[in-house]
Amino acid sequence: MHIIRHAQELRAQVRSWRERRELVGFVPTMGNLHGGHLALVDEARKRCDRVVVSIFVNPTQFSPGEDFEAYPRTFDADCQALAQLETDVVFAPPLEEVYPDGPRLRTRVEVPELNDILCGAFRPGHFTGVATVVTKLLNIVQPDLAVFGRKDYQQLMVIRTLVRDLSLPVQIVGGEIMREADGLAMSSRNQYLTAAERSRAPVLFRVLSDLAERLHTERADPAVLEAEGIEALRAAGMTPDYVSIRRADDLGHPGPGDRELVVLGAGRLGKARILDNVPVSLAEGR
Ligand code: PAF
């Protein structure tokens, strides 16, 4: 496994794979890898001949006052885990390789419809930072396929939309959500939870799953379910940001004819912000 820090060297490597007609898969990360990331790398490995994983803690996607400085950086352990999964290249650029003029975005990539809703309403500028860095990374790596986790559902939608709208020649794959035994979705930020908060954290998945079930079996009113979800999270000691039922394909509010939906939620427990989602298909029988 090679560790490459500069875009030019990475491009030369990818070009040489291309000349041999090898398919290149890419998994962008901010490091501090857990089982969720490793499943994404596995997915890329299954589908491609070569796998590039980037590790870059992207400053432009952290809102003021968020945890950019404190974000856990565990490069050596990450590389060990990636080597075991037969990753070909870890791309770990220094800040100036990604932002030669500093992380003040003169040029931005934005998906306005998705930018300020749901998580975007609570993290100003977050999705602009994500969309911009992902576009830059895709341009640097030029993979055939890139895998992003479904846990960050809105992020996945932002990326699918920008790839389609900007005609980027890459296939986007959504990787399964990996969960702890009690249902909590794996996330680097789970380590901010104290023991007491950690024992309460699975409530988010339980509440979203319960709403999804009732949407499916009772065809209950989404607005009523959302309000109940918020109350249930509060009662369990979380500070909910939102619970929302949306169309799965574009995160719009569902109308009577919409069948493929997703129940999304996010909230705070102490220093950690946790988020999750559960898909619901109303096309299947009750
Ligand atoms: O999901 C993440 O870890 C980040 O948002 C990403 C996609 C690597 C962009 O910095």
Side-chain angles (χ1 to χ4, degrees), residues 4 7 10 25-44 51-63 66-75 77-79 81-82 87 89-95 97-99 103 105 108-111 114-115 118-120 122-141 143 145-163 166 168 170-178 185-192 264 266 272-277:
I4 295 183
L10 182 65
F26 176 43
V27 182
T29 80
M30 298 207 299
N32 194 237
L33 304 183
H34 50 67
H37 295 110
L38 301 182
L40 305 182
V41 177
D42 240 9
E43 189 65 44
V51 177
V52 177
V53 177
S54 65
I55 297 182
F56 178 67
V57 184
N58 172 39
T60 64
Q61 69 187 75
F62 289 79
S63 308
E66 286 192 346
D67 56 343
F68 173 65
E69 300 297 340
Y71 198 84
R73 287 155 171 91
T74 51
F75 187 71
D78 293 346
C79 287
L82 291 172
T87 303
V89 165
V90 174
F91 178 51
L95 185 73
E97 188 72 17
V98 180
Y99 297 112
L105 296 183
R108 303 176 183 160
V109 180
E110 221 161 65
V111 181
L114 295 175
N115 219 38
L118 303 169
C119 285
F122 295 87
R123 304 187 67 190
H126 170 67
F127 287 113
T128 303
V130 169
T132 305
V133 82
V134 168
T135 304
K136 287 164 78 69
L137 290 168
L138 290 174
N139 280 334
I140 292 171
V141 181
L145 171 154
V147 191
F148 294 84
R150 284 177 189 272
K151 180 180 72 73
D152 299 306
Y153 194 88
Q154 187 173 359
Q155 168 171 287
L156 179 61
M157 290 294 115
V158 165
I159 290 159
R160 283 195 195 286
T161 307
L162 78 85
V163 162
L166 300 178
L168 301 185
V170 60
Q171 181 193 346
I172 300 300
V173 173
E176 289 305 311
I177 302 178
M178 299 306 283
M186 290 185 186
S187 162
S188 299
R189 290 190 168 102
N190 290 349
Q191 61 196 273
Y192 297 156
L264 306 112
R273 182 172 190 275
I274 58 176
L275 67 155
D276 208 337
N277 66 85

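As the structure lists them, so they are numbered: ligands from 1, and atoms in each ligand from 1. In this chain, numbering begins with 1 at the start of the sequence shown.
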Return the [atom1] to [atom2] distance between [X] and [Y], rounded to the nearest 0.5 Å.
X	Y	atom1	atom2	value
L40	K151	CG	NZ	10.5 Å
D67	R273	CG	CZ	11.0 Å
L138	I172	CG	CD1	5.5 Å

(message) Could you work out, with salt bridge (charged side-chain N to carboxylate O under 4.0 Å, His left out) as the rule, every residue matching E66, not counting sequence neighbours?
(response)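 Salt bridge (charged side-chain N to carboxylate O under 4.0 Å, His left out) list for E66, sorted by chain: R123.
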
(request) Measure up the F56 and Y99 rings against each other and bin them: parallel (under 30°), tilted (30 to 60°), perpendicular (over 60°). (result)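 Ring orientation of F56 relative to Y99: tilted.
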
Nitrogen or oxygen contacts under 3.5 Å, ligand 1 side and protein side:
| unit_1 | atom_1 | unit_2 | atom_2 | d |
| --- | --- | --- | --- | --- |
| ligand 1 | 1 (O) | Q155 | NE2 | 2.8 |
| ligand 1 | 5 (O) | Q61 | NE2 | 2.9 |
| ligand 1 | 5 (O) | Q155 | OE1 | 2.7 |
| ligand 1 | 10 (O) | Q61 | OE1 | 2.6 |

(request) Validate the cation-pi geometry between R108 and F127: distance from NZ or CZ to the six-membered ring centre under 6.0 Å, angle to the ring axis within 45°. (result)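 No cation-pi geometry.
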
